[in-house]
Amino acid sequence: MGRTSAIPIKSLDNTFSMFCSSYTAAPTTTPFHYNRTLLSLYSHLWLILAVCSDGLCFLLLYNNLYHVFTFFTYMKKTRNHPAALPFLFLSEMWERFGFYLILGIFQLYLTDTSKGGWGMDRATAADIFGTFIAFVYLTPFLGGLIADRKLGYSKSIIIGGILMGIGYIGLSVHHLTIFYLSLALICIGNGFFKPNISTLLGNVYNDERYRSRKDTGYNIFYMGINIGAFICNFFAAFLRNTVGWGAAFIAAGVGMFLGVLIFIIGMKHYRHADVRKPEQEGDMPLSKIFSIVFLPAIAVGIGAWFIPGNIFGSDSTDAFIFACIPILLFFVSLLIKADVKDRKPISALLAIFAVSIVFWAVFKQNGTALTTWAQYYTDREIPAAIEKPAQSLYLAEQVVNKPDSVTAYDDEFRVIRDAAGKPEKVWSKPVYFKNVAQEKMPAEGQSISLYNTELFQSINPFFVITLTPLIVLFFAMLRKRNREPSTPSKIASGLLISAISTLMMVGAVYVCNNGAEKASPWWLVGCYGIITVGELFLSPMGLSLVSKLSPVRITSLMMGGWFLATSIGNKLSGILATLWDTYDNKANYFLVNFLLLGGAAAVIFLMLRWLNRIFKEYVK
């Protein structure tokens with residue numbers, strides 16, 4: 001991918017070995033043995049991925065200066081963690097690489113009118129995006145059950161990864177039927193892959209030698225998710241700028257297949273942990289779950305699709321919302337039929353599920369509304385200090401300040417269409433210059449370099465990587481003083497913190513005069529930073545709460561309830577994003593998000609005493 005640097009491999013290896021030795025317990029005089037993969041990304045830029053005796057290392061090397069970006073997680077001695085961890089870590093990293101690469105460019109691709117995209121309006125793109133990520137998080141409920149009872153985890157992970165890889169590559173074909181079939185393959189594949197690789201990791205750590213380090217193992221594993229999510233957007237930008245949309249989608253597929261290959265190579269380390277759970281007394285048979293939950297949902301959803309007109313704005317939204325009704329009724333019936341002992345924890349979990357829907361409805365707008373803000377309302381001009389490196393790496397989008405035949409946009413950055421619905425062309429400057437402040441406008445005919453819009457999607461995973469250790473340390477300090485908040489309290493705080501993040505965007509709207517001028521990118525950085533703290537308070541705690549509070553016989557079903565809540569929230573994020581163009585004052589759009597999150601936070605704070613009482617009673 002690009003020209004080969006003049007830096008010799010021996011020099012790279014020496015630098016790498018010196019770097020690794022400085023981060024481990026091994027003396028620098030001790031030879032450092034590792035198996036490394038060396039990738040030349042572009043001139044003078046190298047990515048080294050290695051599995052060494054002390055753990056995992058990722059090193060980005062630019063002109064032999066390894067301190068530009070480094071990330072290193074290690075295990076002091078190989079016996080501290082199972083040998084399966086590096087393989088599961090890298091498999092998940094590459095899977096998330098592909099998935100988040102797709103999410104980062106999804107709306108951009110659907111709305112693009114000049115470089116081979118679909119040219120859809122924003123509302124349609126947001127609706128498709130919301131429906132897609134809704135099903136992505138609904139299928140793991142089903143995929144987890146099938147793996148538990150029938151297929152086993154390893155087989156499910158391989159099948160899921162292959163289906164996702166085919167789906168990613170299928171998106172590179174500019175054909176509407178293939179496009180939707182590819183999305184379906186991704187949703188089904190994710191259902192088989194996502195829940196089962198996490199379960200397999202947990203099973204590996206059930207060995208008595210590693211049980212005490214399970215939380216640390218999951219923390220390392222979670223880093224894999226966010227490293228993949230962080231680096232993927234740089235690949236997407238590079239490939240978009242040099243080749244086109246199709247190359248970016250193919251890269252996502254290649255990443256997924258690489259993850260599957262790594263998983264297969266490491267099979268010997270976790271084959272023993274791939275143990276199916278036999279149906280036990282009190283478990284609901286798989287056939288019954290299908291007959292009373294999924295079949296009614298499918299039937300109702302198909303019926304809702306063909307309702308004349310649109311009740312909730314689109315056929316897909318009608319189908320999804322109505323399909324959720326039988327599933328929601330099923331969970332209500334679980335509560336009603338539960339005995340006195342189980343009713344309290346189930347009711348507490350259902351309350352948590354309800355408020356988490358609101359969180360995901362706002363959080364997942366990063367791929368829609370916040371992408372729109374980054375694309376049209378944010379000053380994306382690259383500072384002169386890093387312009388040349390960005391250009392040499394093809395991570396800069398070039399725009400020229402001169403008239404040309406371009407797509408016509410109105411003052412709200414909506415594409416102007418003719419009577420046939422096709423985008424109109426006008427003789428004008430590129431749309432980026434529509435709201436550039438006069439003092440920042442380049443001279444006529446001069447070009448400027450811009451950050452690719454999708455690069456803003458790397459801010460959230462960057463903050464997850466950097467803030468997670470700080471938050472873990474913060475709670476550890478509180479625990480030592482016996483002042484650590486309960487899990488429900490952390491979730492309530494996460495909602496409140498997330499609500500504050502939307503006020504950053506309200507401020508951005510006012511500072512840039514409702515988009516009359518471009519806003520500083522630091523507003524988006526601040527918004528992502530704050531909501532990431534909210535995410536770290538809420539998301540990991542939610543799954544933890546489900547595992548702790550669920551009655552043993554229905555733990556899988558309640559885990560499914562958490563995924564269902566996430567799925568509904570994701571769909572609502574798409575519905576909210578379809579309303580973007582209906583708000584003349586964009587501050588009101590973000591204020592609605594603030595009221596949603598603030599209201600959810602208020603509700604859970606009002607329930608906090610009741611939730612904490614149940615938590616103390618049932619969690620030992």
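Computed over heavy atoms, backbone and side chain alike; hydrogens, waters and symmetry mates excluded.
Under the 3.5 Å distance criterion, with hydrogens and angles disregarded, no donor-acceptor pair is assigned to the side chains of E92 and S198. N233 and S458 share a side-chain donor-acceptor pair at under 3.5 Å. Side-chain contact, S498 with S501: no donor N or O sits under 3.5 Å from an acceptor N or O.
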Evaluation steps, salt bridge (charged side-chain N to carboxylate O under 4.0 Å, His left out), between E484 and K490: CA-CA 9 Å; E484 184 182 13; K490 291 177 183 176; 2.7 Å; yes
Residues F230, F97; criterion ring-ring contact (aromatic ring centres under 6.0 Å, His included); working and verdict: CA-CA 8 Å; F230 176 77; F97 168 91; over 10 Å; no
Residues L597, T502; criterion side-chain contact (heavy atoms from CB on, under 4.5 Å); working and verdict: CA-CA 9 Å; L597 284 171; T502 63; 4.1 Å; yes
Verdict with reasoning, I321 to I575, per side-chain contact (heavy atoms from CB on, under 4.5 Å): CA-CA 11 Å; I321 290 177; I575 295 173; 4.2 Å; yes
Stepwise side-chain contact (heavy atoms from CB on, under 4.5 Å) test for N190 and E95: CA-CA 9 Å; N190 186 73; E95 184 272 324; 3.9 Å; yes
Test side-chain contact (heavy atoms from CB on, under 4.5 Å) applied to D274 and N203, step by step: CA-CA 8 Å; D274 187 359; N203 288 354; over 6 Å; no
side-chain hydrogen bond (donor to acceptor under 3.5 Å, both in side chains) assessment of T371 paired with T368: CA-CA 5 Å; T371 291; T368 50; over 6 Å; no
Stepwise ring-ring contact (aromatic ring centres under 6.0 Å, His included) check, F89 with F221: CA-CA 5 Å; F89 174 100; F221 184 72; 7.6 Å; no
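Here the closest heavy-atom approach between residue A134 and residue K571 is recorded as CB-CB, 3.7 Å. In terms of heavy-atom proximity, R343 sits nearest to A338 at NH2-O, 2.7 Å. Considering all non-hydrogen atoms of both residues, N196 and G144 come closest at OD1-CA, 3.8 Å. Nearest heavy atoms, L611 versus P488: CB-CB, 4.0 Å. Pairing each heavy atom of D379 with each of P521, the nearest pair is O-CD, 3.4 Å. In terms of heavy atoms, W562 sits closest to S539 at CZ2-O, 4.0 Å.
Side-chain rings of Y137 and F141 stay apart, their centers remaining 6.0 Å or farther from each other. The aromatic ring centres of Y528 and F456 sit 6.0 Å or more apart. Aromatic pair F87/H269: ring centres closer than 6.0 Å. Aromatic rings from F320 and F135 are positioned such that their centres are separated by under 6.0 Å.
The structure places CD1 of I352 at 12.0 Å from CD1 of I357, a figure rounded to the nearest 0.5 Å. Of the inter-residue distances, the one linking I531 atom CD1 with M504 atom CE reads 12.0 Å to the nearest 0.5 angstrom. Here the straight-line distance linking atom CG of N612 with atom CE of M607 works out to 11.0 Å at 0.5 Å rounding.
D339 places a side-chain N or O within 3.5 Å of a backbone atom of D342 that can act as its donor or acceptor partner. A donor-acceptor contact shorter than 3.5 Å is absent between the side chain of S573 and the backbone of G130. At least one donor-acceptor pair closer than 3.5 Å links the side chain of K586 to the backbone N or O of W580.
The aromatic rings of F363 and W360 sit perpendicular, their planes meeting at an angle over 60°, well past the 30° parallel limit. Ring orientation note: the planes of Y377 and W373 are close to parallel, at an angle under 30° on the 30°/60° scale. The aromatic rings of F106 and F132 lie parallel to each other, their planes meeting at an angle below 30°, with 60° marking the opposite boundary.
Between V592 and L596, some side-chain heavy-atom pair lies under the 4.5 Å cut-off. Within the 4.5 Å cutoff, the side chain of T139 has no heavy atoms near those of the F563 side chain. A 4.5 Å side-chain heavy-atom check between F594 and M505 finds every atom pair outside the cut-off. With a 4.5 Å cut-off on side-chain heavy atoms, L349 and S550 count as touching. No side-chain heavy atom of F353 sits under 4.5 Å from any side-chain heavy atom of I568. When side chains are defined from C-beta on, F475 counts as touching F537, because their heavy atoms get closer than 4.5 Å. With a 4.5 Å cut-off on side-chain heavy atoms, P485 and L478 count as touching. Within the 4.5 Å cutoff, the side chain of E535 has heavy atoms near those of the F359 side chain.
Remark: W610 CH2 is packed, more than 12 non-hydrogen atoms of other residues, nucleotides or ligands lying under 6.0 Å away.
The ring pair (Phe, Tyr, Trp, His ring centres under 6.0 Å) analysis of residues 482-510, with sequence neighbours excluded, yields no pairs.
Test F263, Y153, Y205 against Y270 for ring-ring contact (aromatic ring centres under 6.0 Å, His included) and you get one pass: F263.
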